[in-house]
Asker: 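Below is the structure I would like to discuss, written out as structure tokens.
One-based numbering along the sequence shown.
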Amino acid sequence: MTGLTVVLVTLVAATLAGVLLRRRSGVPREVRGDVERLTSGDLEADLGERATLVQFSSAFCQPCRATRRVLAEVTEMVPGVAHVEIDAESRLDLVRSLNILRTPTVLVLDASGHVVKRASGQPRKVDVIGALGLAVGE
């Protein structure tokens with residue numbers, strides 16, 4: 001009987017953990033602690049006039065393709081916003097310094113290159129637009 005109880009408790013705990021992780025996936029969160037500042041030299045691309053969406057991707061990441069489409073649509077909608085995609089495998093130095101743990105990870109930078117929000121997982125378009133509002137000060 002004790003073994004069955006342990007199995008049931010483990011299944012319930014694992015299910016709750018999975019639900020929580022799924023709900024948090026792709027949701028932009030505020031950056032705590034020291035705010036990173038990235039330059040065009042760090043990204044090897046120009047920053048946007050008002051904000052920059054930085055996407056860390058990998059070659060075989062299916063959600064990365066969908067994220068690329070979402071971010072491209074947002075940059076077309078919002079003037080002065082740039083989208084920079086970085087191959088995580090080729091920029092391990094930057095991945096380590098920014099503590100990127102999975103792909104896709106999206107960083108929302110303000111005009112000066114400070115990271116104001118970050119999302120791990122595939123973000124929704126409405127969430128990206130909301131995060132941009134914070135970055136551009138609207």
Asker: How long is the span from the CD1 atom in Ile129 to the CD atom in Glu73, to the nearest 0.5 Å?
Answerer: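 Here the interatomic distance stands at 9.0 Å.
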Asker: Just to verify, what does Ser58 make a side-chain hydrogen bond (donor to acceptor under 3.5 Å, both in side chains) with, not counting sequence neighbours?
Answerer: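 Here the qualifying residues are Thr103.
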Asker: Is it true that a side-chain atom of Gln55 and a backbone atom of Pro104 form a donor plus acceptor pair closer than 3.5 Å?
Answerer: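 The answer is no, because no donor-acceptor pair under 3.5 Å joins these two groups.
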Asker: If I compare all heavy atoms of Arg65 with all of Ala59, which pair ends up nearest, and what's the gap?
Answerer: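 Reported closest heavy-atom pair: NH2-O, 3.9 Å.
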Asker: Quick one, Ile86 and Leu43 - any side-chain contact, counting heavy atoms below 4.5 Å?
Answerer: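 Yes, side chains in contact.
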Asker: Taking the side chain as every heavy atom from C-beta outward, state whether Asp87 and Phe56 have any pair of such atoms under 4.5 Å apart.
Answerer: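 Of all side-chain heavy-atom pairs linking Phe56 with Asp87, none is under 4.5 Å.
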Asker: Is there a side-chain contact between Val84 and Leu53 in this structure, where contact means two heavy atoms from C-beta onward sitting under 4.5 Å apart?
Answerer: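 The answer is no, as the side chains (C-beta and beyond) never meet within the 4.5 Å cut-off.
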Asker: Mind checking whether Thr67 and Pro123 have side chains closer than 4.5 Å, heavy atoms only?
Answerer: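 Yes, close enough: below the 4.5 Å cut-off.
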Asker: Rounded at 0.5 Å granularity, tell me how far OG1 in Thr52 sits from CG in Leu38.
Answerer: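 Nearest 0.5 Å value for the OG1-CG distance: 9.0 Å.
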Asker: Is any side-chain heavy atom of Val128 closer than 4.5 Å to a side-chain heavy atom of Val106?
Answerer: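 Val128 does not reach Val106 side chain to side chain.
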Asker: Would you confirm whether Arg50, through its side chain, and Ala111, through its main-chain N or O, come within 3.5 Å as a donor-acceptor pair?
Answerer: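 No, Arg50 side chain to Ala111 backbone: no donor-acceptor pair under 3.5 Å.
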Asker: To check you understand the geometry: which heavy-atom pair defines the closest contact between Arg37 and Ser112, and what is its length?
Answerer: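 Smallest heavy-atom distance, with atoms named: NE-O, 2.9 Å.
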Asker: Are the side chains of Arg118 and Ile100 in contact, using a 4.5 Å heavy-atom criterion?
Answerer: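 Side-chain contact under 4.5 Å: yes.
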Asker: Could you tell me which non-hydrogen atom of Leu47 sits nearest to which non-hydrogen atom of Gly113, and how far apart they are?
Answerer: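 It is CD1-CA, 4.1 Å.
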Asker: Taking the side chain as everything from C-beta on, heavy atoms only, tell me whether Lys117 gets closer than 4.5 Å to Leu132.
Answerer: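 The answer is no, as the side chains (C-beta and beyond) never meet within the 4.5 Å cut-off.
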Asker: Using a strict threshold of under 4.0 Å (side-chain N to carboxylate O), is an ion pair present between Arg91 and Asp93?
Answerer: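 Yes, Asp93 and Arg91 are salt-bridged.
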Asker: Measuring from Gln122:CD to Cys64:SG, what's the distance to the nearest 0.5 Å?
Answerer: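 Answer rounded to 0.5 Å: 9.0 Å.
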Asker: Where is the tightest heavy-atom contact between Thr75 and Ala82, given as atom of each residue plus distance?
Answerer: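 Scanning both residues completely, I find the closest heavy atoms to be CG2-C, 3.9 Å.
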Asker: Go through it in stages, so that I can follow the logic: the residues are His114 and Leu109, the test is side chain to side chain contact (heavy atoms under 4.5 Å, CB included), and I'd like the CA-CA distance, side-chain angles, deciding distance and then a yes or no.
Answerer: CA-CA 5 Å; His114 287 96; Leu109 311 180; over 6 Å; no
